[in-house]
Amino acid sequence: MYRSRLGRSLLAVVTALTGCSDGAPTGPARLDVTPDPAIHAPVLTMRDLTLLESVIQPSGQAEGLAAVAVEDDDGTRPLQQVINPRTRAGFDDGYAFAIGQHSYIGNVGLIRTSTHVSFRDQHVGSQTGQRQAYTPFLVDLGQLKDIAVWPKVYTDHTCGLTAQGDSSHKAWWQFYQGRGAPEWGVDEVPSQAAPVAQGSCTNQTGTRTGSEERSGGFICSYFITYDLDTGEIVDAQLLYCSTQGGEVL
Amino acid sequence: MTPPAALLATAIPLMRRLRPMRLSRLGFVPLTLAVLTAVLPGDGHGQSDRPATFVAIPDAFPEIEARAVLVREPGVDLVLLKSDEASVDALAMALLLLADVREDHPVTATGQMVPITGFVVTHPPRGTRRQRLERMLDRLTEAPRVDLGSVGWGRRVRVR
């Protein structure tokens, strides 16, 4: 009696443990035994996938000039202006890019540029970068400044891709930084880059050579890690495009 | 002989030998469990390598430029598809990328999100694999709505 009961217990333990170590589901009943699949991922927005950079450009020389400027500063400045706005797209070793740049008059300059990548005439991904430069109002004195941003789309492909880009160039005046700070004289100009192609892939015919086992294609994705407790983003890697292939299931 | 049967064949005679030593039942059971735990593969080789894989269509897809999103947390891999783009191609590419991400980035103390901004299928799934994916999507559209966690409610099926 004791032995058979022990045997049954042992059998139950062995069955349970070997079932766990197998890994492959054995039937519909197994599918019910799952960890809680309610995820804790952050609710992403496009802002999370945009490279944001804000810089303050204090000028050491201008501080002295600012003291003079304050005395007879009547709050007016030369007309704001976006000068020579332009975007250029291209490829470099390991990435596609678009460079957006302009010169401006105003104490705040902003540029927002997107690099777009397409494969076989189909859009597969865009990386947007935004840069804002602020010069304290009292020290700006209408200097001509430059601003640029160049978001990249990383890829291991050396053929078959096309890069394009577009930018929004902006300049204005603002007394101080912060939400709700009064702005005036906003000037905004768009620009677009001509598409640049890598060249066709002469060694890839695009025809199937294998059996039905292998599927694949070209895919672009971000890679983001987040805190499981708080859902806060810990790290985000830039957009990467590559070929994927293999057995789907 | 299968591994569990072989293990039993080894363990039971061993236990019989131990009986004359008058081990109490309380001492015997922990000993058995300790032996089995040491012999059988643990988490490092078992379930943790093969997380449960789900495909879901959330009611509200994240407001980002993405055609699908992979979410990975300890023990769970989830493919989020857009309701209006839930196709065999989208599912196939997401699962292919998932296999690659599994290999390159083991889930540790953090969760992983992989928004897929776009893809071009050059070698579409065919034959029985395509049929399996189609059945998966059929099951998904008929699945009841459940709480998916932080992405809200949606339809979900387990695929592995």
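Numbered from 1 within each chain, the chains take letters A, B, ... in sequence-line order. Atoms considered below: every heavy atom in the structure, side chains included; atoms not considered: hydrogens, waters and symmetry mates.
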Atom NE2 in B/His105, atom OG1 in A/Thr225: separation rounded to 0.5 Å? 10.0 Å
Toward chain A, the part of B/Arg72 with a non-hydrogen atom under 4.5 Å: backbone
Pick one of side chain, backbone, both or neither for A/Leu44, based on which atoms fall under 4.5 Å of a heavy atom in chain B. both
Say you draw a straight line from OH of A/Tyr222 to CD1 of B/Ile64; how long is it, rounded to the nearest 0.5 Å? 8.5 Å
What I'd like to find out is whether the side chain of A/Phe218 reaches to under 4.5 Å of the side chain of B/Met93, using heavy atoms alone. no
Student check: side-chain heavy atoms of B/Thr122 and A/Phe119 closer than 4.5 Å: yes
Between B/Leu97 and chain A, with a heavy-atom cut-off of 4.5 Å, which part of the residue counts as in contact: side chain, backbone, both or neither? both
So does A/Ala41 get a backbone contact from the side chain of B/Ser150, meaning a donor-acceptor N/O pair under 3.5 Å? yes
Taking the side chain as every heavy atom from C-beta outward, state whether A/Leu239 and B/Thr117 have any pair of such atoms under 4.5 Å apart. yes
What is the distance from atom OG of A/Ser215 to atom CG of B/Leu133, rounded to the nearest 0.5 Å? 7.5 Å
Distance, nearest 0.5 Å, that separates CD of A/Gln244 from CZ of B/Phe119: 12.5 Å
Between A/Ser221, A/Ser126, A/Ala236, which shows the greatest number of heavy-atom pairs under 4.5 Å with chain B? A/Ser221
Take B/Thr110 and A/Asp227, measure what side-chain contact (heavy atoms from CB on, under 4.5 Å) needs, and give me the verdict at the end. CA-CA 5 Å; B/Thr110 55; A/Asp227 188 292; 5.9 Å; no
B/Gln112 and A/Ile224: side-chain contact (heavy atoms from CB on, under 4.5 Å), yes or no, with the steps? CA-CA 6 Å; B/Gln112 299 173 359; A/Ile224 295 165; over 6 Å; no
Using 0.5 Å steps for rounding, measure from the OG1 atom of A/Thr243 to the CG atom of B/Leu96. 11.5 Å
Side chains of A/Leu49 and B/Glu65 in contact at under 4.5 Å (non-hydrogen atoms): no
Do you know which two heavy atoms are closest between B/Val120 and A/Arg120, and how far apart they sit? CG1-CD, 4.4 Å
Any side-chain heavy atom of A/Met46 within less than 4.5 Å of one from B/Glu63? no
Between B/Gly118, B/Gly111, B/Pro115, B/Gly149, which residue shows the highest count of heavy-atom pairs closer than 4.5 Å to chain A? B/Gly111
With a 4.5 angstrom heavy-atom cut-off, could you sort out which part of B/Val71 is near chain A: side chain, backbone, both or neither? side chain
Side-chain polar contacts of residues 51-61 of chain B - donor-acceptor pairs under 3.5 angstrom, sequence neighbours left out - could you list them?
{"residue": "B/Thr53", "atom": "OG1", "partner": "B/Pro51", "partner atom": "O", "Å": "3.3"}
{"residue": "B/Thr53", "atom": "OG1", "partner": "B/Arg102", "partner atom": "NH2", "Å": "2.5"}
{"residue": "B/Asp59", "atom": "OD2", "partner": "B/Arg145", "partner atom": "NE", "Å": "2.9"}
{"residue": "B/Asp59", "atom": "OD2", "partner": "B/Arg145", "partner atom": "NH2", "Å": "2.5"}

Taking side chain as everything from C-beta outward and backbone as N, CA, C, O, which of these in B/Val69 sits under 4.5 Å from a heavy atom of chain A? Side chain, backbone, both or neither. neither
